[in-house]
Amino acid sequence: MFRAHRDALRNLLPPRSLAIIHAADVPATNGDGTLRMVPAADLFHLTGIEQEESVLLLAPDAADPGSREVLFIRQPNETSATWEGRKLSKDEAHAASGVARVRWIADLHSVLHGLMCESERVFLNANEHERARIDVEPRDARLARELIARYPLHRYERLAPLMRRLRAVKSPTEVALLRTAIDITDAGLRRVLGTLRPGVHEYEIEAELIGEFTRRRARFAYEPIVASGPNACVLHYNDNDAECREGDLVLIDVGASYANYASDLTRTYPVGGRFTPRQRAVYDAVLRVMRAATGRLRPGLTPRDWKRAAQLDMNEELLKLGLLTKDDLSKDSAEEPACKKYFMHGLGHSLGLGVHDLAPVNGPFEPGWVLTVEPGIYIPQEGLGIRLENDLLVTADGCIDLCAHVPVEADEVEALLAR
Ligand code: GLY
Ligand code: MN
Ligand code: MN
């Protein structure tokens, strides 16, 4: 898989190009603390390497065939072995990635200088996610600054748009990993269905989820949202510290990450085991919008049109629920959708090595893309928030719901809670 990913990138590079792909920084916290490093998705996509301080160079036209593809890794030593444990040997890095030539990171600058002298265009990476918040200069940016200062006359190009195109389309192996991640999330949610009752705290639900995930060699793909009652109206709530009360719903937005592939699901359950008629009406409205959007997803459609169609569905549902009036609907437009008062977030996003994975922003959707579909209705004045979220694979003529086996019908949820 990683070899195929590198071949795909090479096919997009113009003649005499050099592409440089870095590992992520280990994120610092307080004092000498660090967080567990999340592997850089682009480096992982191209090599399967998760180790810090690794670099991949691709120079498909280099005169020396041995320099056309080189992976640099840290040289293990006694200190790193004592404090951090085993690091990859060159043979292990080769076996994991398929990259023919593996060298120690200390050699990077001399090899890089040779390749710079042969190359005309240099493809450098950057985090170009639309909503990325970057307060600390990342490794990629530091390298770009250094190279541009040292070799000002080269042509520098953006690698990110190429990676975005490549990573959007998932191979069958990647889809299989995503399915595993979804199945692990399903197991966690079923565990919650077996333990949910009034008096349980949101953090106890989180504990059930991480217990199930860890046992299955997965991690949280993102900080989970376990939001009961009015907390569900806070879109990015993750205090997860309130007691779940009889009569409330609990919204659980959680995804397992397996082999770095993220799932992203949301389910909303009645804490006491039964939906009230009002909760059920809102729940079924959200579910209908999700089903209709799933039915519409196909290649050629743009994200904008997909979202707009769901907003029109949602307008009608909110009218039936008495939350919007005909007058509200008459003022609806794509810029100011009427439903925005109760459904204020996007319809879905690409999923893969990141939970908000990279894909061309304006689409159109292509076979192999994996997307979430996640409509919601949030009514703070009723202390009620409902979102449902599944993961969809775009196929040649529609899509496959990868979460079709995860209980979502209200009757099924109630029956599982009754058990
Ligand atoms: N859990 C993040 C999202 O649903 O997009
Ligand atoms: Mn989610
Ligand atoms: Mn999502």
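In listed order, ligands and their atoms are each counted from 1. Bear in mind that the values here come from a model prediction, so they are computed numbers and not experimental data.
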Legend entry - Short side-chain donor-acceptor distance under 3.5 Å, D264 and H349: yes
Inset, instruction - Report the nearest protein non-hydrogen atom to atom 5 (O) of ligand 1: residue, atom name, distance rounded to 0.1 Å. - result: H356 NE2, 2.6 Å
Inset, instruction - Using atom types as modelled and distance alone, determine if a side-chain donor or acceptor of E146 lies under 3.5 Å from a backbone N or O of L143. - result: no
Legend entry - Atoms of ligand 1 close to Y222 [distance to a heavy atom under 4.0 angstrom, numbered from 1]: 1 (N)
Legend entry - Proximal ligand 1 atoms for E389, defined as those under 4.0 Å from one of its heavy atoms: 4 (O)
Legend entry - Shortest-distance N, O or S atom of E389 relative to the Mn ion (ligand 3): OE2
Inset, instruction - Could you confirm whether D264 has any N/O/S atom lying under 2.8 Å from the Mn ion (ligand 3)? - result: yes
Inset, instruction - Would you name the N/O/S atom of E374 that lies closest to the Mn ion (ligand 3)? - result: OE2
Legend entry - D313 and R291: CA distance, side-chain angles, deciding distance, side-chain contact (heavy atoms from CB on, under 4.5 Å) verdict: CA-CA 11 Å; D313 288 344; R291 296 259 190 253; over 6 Å; no
Inset, instruction - Let me know which of R267, E414, E412 forms a side-chain contact (heavy atoms from CB on, under 4.5 Å) with P407. - result: E412
Inset, instruction - Have a look at ligand 1 and work out which part of D264, if any, has a heavy atom under 4.0 Å from it: side chain, backbone, both or neither. - result: side chain
Inset, instruction - For this output row, return yes or no: ring centroids of F343 and Y378 closer than 6.0 angstrom. - result: no
Legend entry - Which N, O or S atom of D253 lies nearest to the Mn ion (ligand 2), by name: OD1
Legend entry - Test of ring centre spacing under 6.0 Å for H5 and F44: no
Inset, instruction - Return the orientation label for the Y156 and H154 ring planes: parallel under 30°, perpendicular over 60°, tilted otherwise. - result: tilted
Legend entry - Residue H349, metal the Mn ion (ligand 3), N/O/S under 2.8 Å: yes
